[in-house]
Amino acid sequence: MNQKLERILPRVQKPARYVGGEYNQVIKDKNTVDLRFAFCFPDTYEIGMSNLGMRILYGIMNAMDGVWCERVFAPWPDMEEEMRRAQMPLYALESGDAVKEFDIIGFSLGYEMAFSNVLNMLDLAGVPLHANERTELSPLVMAGGTACFNAEPLADFIDLFSLGEGEDVTVELLELYRRAKTEKWNKQRFLRAAAEIEGIYVPSLYEISYHADGTIAAIVPKDGVRAVVRKRIVQDMDKAYFPTKTIVPSTEVVNDRVTLELFRGCIRGCRFCQAGYVYRPVRNRSKELLAQYGVEALQDSGYQEMTLSSLSTSDYKPLNDLCDSLMEYCDAHKIHLSLPSLRADNFSMELQQRLAKGRKVGLTFAPEAGSQRLRDVINKNLTEEDLLHSCKIAFEGGWSAVKLYFMLGLPTETDEDIIEIARIADHVVHTWREYAPDKRRGVSVTVSTSWFVPKPHTAFQWEAQISKEEYERRVQLLRQSIRAKAVSYKWHDSDTSFLEAVLSRGDRRMGRVLEAAWRRGAKMDAWQDYYNLDLWLAAFEACGLEPAFYANRVRSRDEILPWSMISSGVSQDFLWRERQRAYQGVTTPDCRQMCTGCGANCLIGGGECDV
């Protein structure tokens, strides 16, 4: 271990975050590799090591001969302070080598509030912030993840973005880089060649111009590159890599368990849900392969818990059979099987009985809106009767805690819709009183609300976020409307959601604001202890931009959006039709009932989605 690190670790919280040496980490001989990849997660070790996508790509890259992928996480501020004081640059866990020595520095970005950490990590690594300052081929800085579907706020800092699922495109990109390195290409030649790979967006190859009112006038591709970059997906999930042999963290992480991914995509068409659109089309793994993967991962890791995960887990058709296959092993080895992302309209008695074999932790449902009218607007396709029926099943089975998630600020929302949230919570309590066999424990109903953020590549991408003052008024209205003692209410911080809306809808000029905020001290913005909206507001003022222009303004159908050069595979015409149907209060059936013509099946050759 580095002597500086040895001296630092006793002075910081959770030193296990920074030492590596975990079971199943990959160590290679530096003399036998020709490409080193620093895989950076712009949050803490505990968050990053819970990320399944990072585990998948770590395994894929390290399976390539001549490639060594190592992990890098954002240090907590106490560790960062010690590192800067000791002039110790950001390093990778496996080798302890400085990040700036690597060929490629790649960031996994699932959340806009991590953007400031990207700049902070580059600076801590001693790597120039701006892409145009890094004139050599190495180090190349790239990024991928859901937050990259609008890449523009980071366009000044990132050389290229990988859009969509990374299993195949990462291998292609790394092979191209190895060729460029061997043949001594310059950076510009490599970037131009990389732009030919489907799913790779190189922001420097697109010129953005603006109207006098601040809206985008044109996005002009340069040097003959494609006008629209379409995301990449894995065509066949049964052939896709799954990390049955994965790193076992040496300290507790957020998701300290085996995560078994059932399928990608979602059959539902919730109009607010970015993940539901950008991960289309639905592609399942076979239950036989999943059962094999689950047992292998448990045996290798020694975990005592496994979660079956997807955007809507209970929509996996052979879920009951899969649970039966896994429970034999789980029961014999005292392993808890959990099923998150359950829909309130298909929480069956069979499913409840399987869950009852494990611990009766609280169940979570997401009605999203209080009234049927507003649930139709957002295309939730869920009735109050569905929710109460699921709660009845759960209460009859012995559960006594239910969490209900809603959003405030959805398009067309009224005060009556908000009051309906309190009424639904009361009805859940009444359902417990009527059907719970044992009432000695009492019931706990938690209502949680978040502030609606209109996201790119959704039917509501043209919408405005309501003002902060209006959101806080609606929070108070709901607080006053909840009177049952068994119901508790939690709401999301307004400052965070406001900035999330600004960043997720920002254009390329947002890079100036991002840098100005970081230089003022912005970092760890996803953590309430460190997030400071005033730093960002000062940065906006210094850059002559207005955050409300991005967060609180309705876009017109013909406005060029900052992310218009990026395609999720779902057509803009379809999204606009869904917006129109929302205002008409008309629902769209899920993909299992009928194909709605969103366009995502073009990603699998125009064939049928695996629904």
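A salt bridge is defined here as a Lys NZ or Arg NE, NH1 or NH2 lying under 4.0 Å from an Asp or Glu carboxylate O, and D123 with R519 fails to meet this definition. Salt-bridge check for R509 with E152: failed, with every basic side-chain N at 4.0 Å or more from each acidic carboxylate O. A salt bridge is absent between R512 and D156; no separation between the charged side-chain nitrogens and carboxylate oxygens falls under 4.0 Å. In summary, R505 and E500 do not engage in a salt bridge, as defined by a charged side-chain N under 4.0 Å from a carboxylate O. The pair R226-E198 does not meet the salt-bridge criterion, since no charged nitrogen lies less than 4.0 angstrom from a carboxylate oxygen. Salt bridge D34/R178: present, at least one basic N to carboxylate O contact under 4.0 Å. D238 has no carboxylate O lying under 4.0 Å from a charged side-chain N of R285, or vice versa, which leaves the two without a salt bridge. D300 has a carboxylate O that lies under 4.0 Å from a charged side-chain N of K245, or vice versa, which qualifies the two as a salt bridge. With respect to R280 and E165, no salt bridge is recorded, no charged nitrogen being found less than 4.0 Å from a carboxylate O.
The closest donor-acceptor contact from the side chain of T170 to the backbone of G166 lies under 3.5 Å. Side-chain atoms of E133 come within 3.5 Å of backbone N or O of H130 as a donor-acceptor pair. For D610 (side chain) and V282 (main-chain N/O), no donor-acceptor pair under 3.5 Å exists by modelled atom type. With S571 contributing its side chain and F574 its backbone, the two residues share a donor-acceptor pair below 3.5 Å. Within the 3.5 Å criterion, the main-chain N or O of G511 finds no donor-acceptor partner in the side chain of E515.
At a cut-off of 3.5 Å, with distance as the only test, a side-chain donor of Q461 or W563 sits close to an acceptor on the other residue. E296 and Q292 are linked by a side-chain donor-acceptor pair at a separation below 3.5 angstrom, with hydrogens and angles left out of the test. Defined by atom type and a distance below 3.5 Å, a donor-acceptor pair is present between the side-chain atoms of N120 and E80. A donor atom on one side chain and an acceptor atom on the other are found under 3.5 Å apart for E70 and S95. Inspection of the N2 and Y91 side chains reveals no N or O donor paired with an N or O acceptor under 3.5 Å.
Side-chain contact check for Q299 versus V295: some heavy-atom pair is nearer than 4.5 Å. Within the 4.5 Å cutoff, the side chain of F242 has heavy atoms near those of the T244 side chain. Side-chain contact check for L140 versus L191: some heavy-atom pair is nearer than 4.5 Å. Contact of the M524 side chain with the N117 side chain is registered, since non-hydrogen atoms from C-beta on lie closer than 4.5 Å. In this structure the side chain of L322 never reaches within 4.5 angstrom of the side chain of P318, judged on heavy atoms. Residues F107 and V72 fail the side-chain proximity criterion, which asks for heavy atoms closer than 4.5 Å.
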One pair to check against ring pair (Phe, Tyr, Trp, His ring centres under 6.0 Å): W518 and W536. What are the steps and the verdict? CA-CA 9 Å; W518 169 74; W536 287 90; over 10 Å; no
Before giving the answer on side chain to side chain contact (heavy atoms under 4.5 Å, CB included), spell out for Q87 and M83 the whole-Å C-alpha distance, their side-chain angles and the decisive distance to 0.1 Å. CA-CA 6 Å; Q87 297 184 328; M83 291 173 67; over 6 Å; no
Determine, stepwise, if the pair F39 / W68 fulfils ring pair (Phe, Tyr, Trp, His ring centres under 6.0 Å). CA-CA 10 Å; F39 201 169; W68 188 11; over 10 Å; no
Under the side chain to side chain contact (heavy atoms under 4.5 Å, CB included) rule, what do V229 and I200 come out as? Steps first, then yes or no, please. CA-CA 7 Å; V229 181; I200 296 296; 5.7 Å; no
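The distance between the ring centers of H457 and Y277 does not fall below 6.0 angstrom.
The two residues A227 and P221 make their nearest non-hydrogen contact at CA-CG, 4.0 Å.
Classification of the Y201-Y206 ring pair by plane angle, with boundaries at 30° and 60°, yields tilted.
Remark: F161 pairs with no residue by the ring-ring contact (aromatic ring centres under 6.0 Å, His included) rule, at least two apart or across chains.
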Which pairs would a plain distance check flag for residues 246-255, meaning a side-chain donor or acceptor within less than 3.5 Å of a matching protein atom at least two apart in sequence or in another chain?
| from | atom 1 | to | atom 2 | distance (Å) |
| --- | --- | --- | --- | --- |
| T246 | OG1 | R55 | NH1 | 2.7 |
| N255 | OD1 | R257 | NH1 | 2.9 |

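Cation-pi geometry between R71 and F41 is not met: the NZ or CZ atom fails to fall both under 6.0 Å from the ring centre and inside 45° of the normal.
Screening W185, F190, F102 for a ring-ring contact (aromatic ring centres under 6.0 Å, His included) involving Y177 leaves a single residue, F190. The salt bridge (charged side-chain N to carboxylate O under 4.0 Å, His left out) test with R36 is passed by exactly one of D103, D97, D29: D97.
The distance from atom CG of L9 to atom NZ of K14, rounded to the nearest 0.5 Å, is 15.0 Å.
The number of heavy-atom neighbours closer than 6.0 Å to CD of E136, taken from other residues, nucleotides and ligands shown, is 12 or below.
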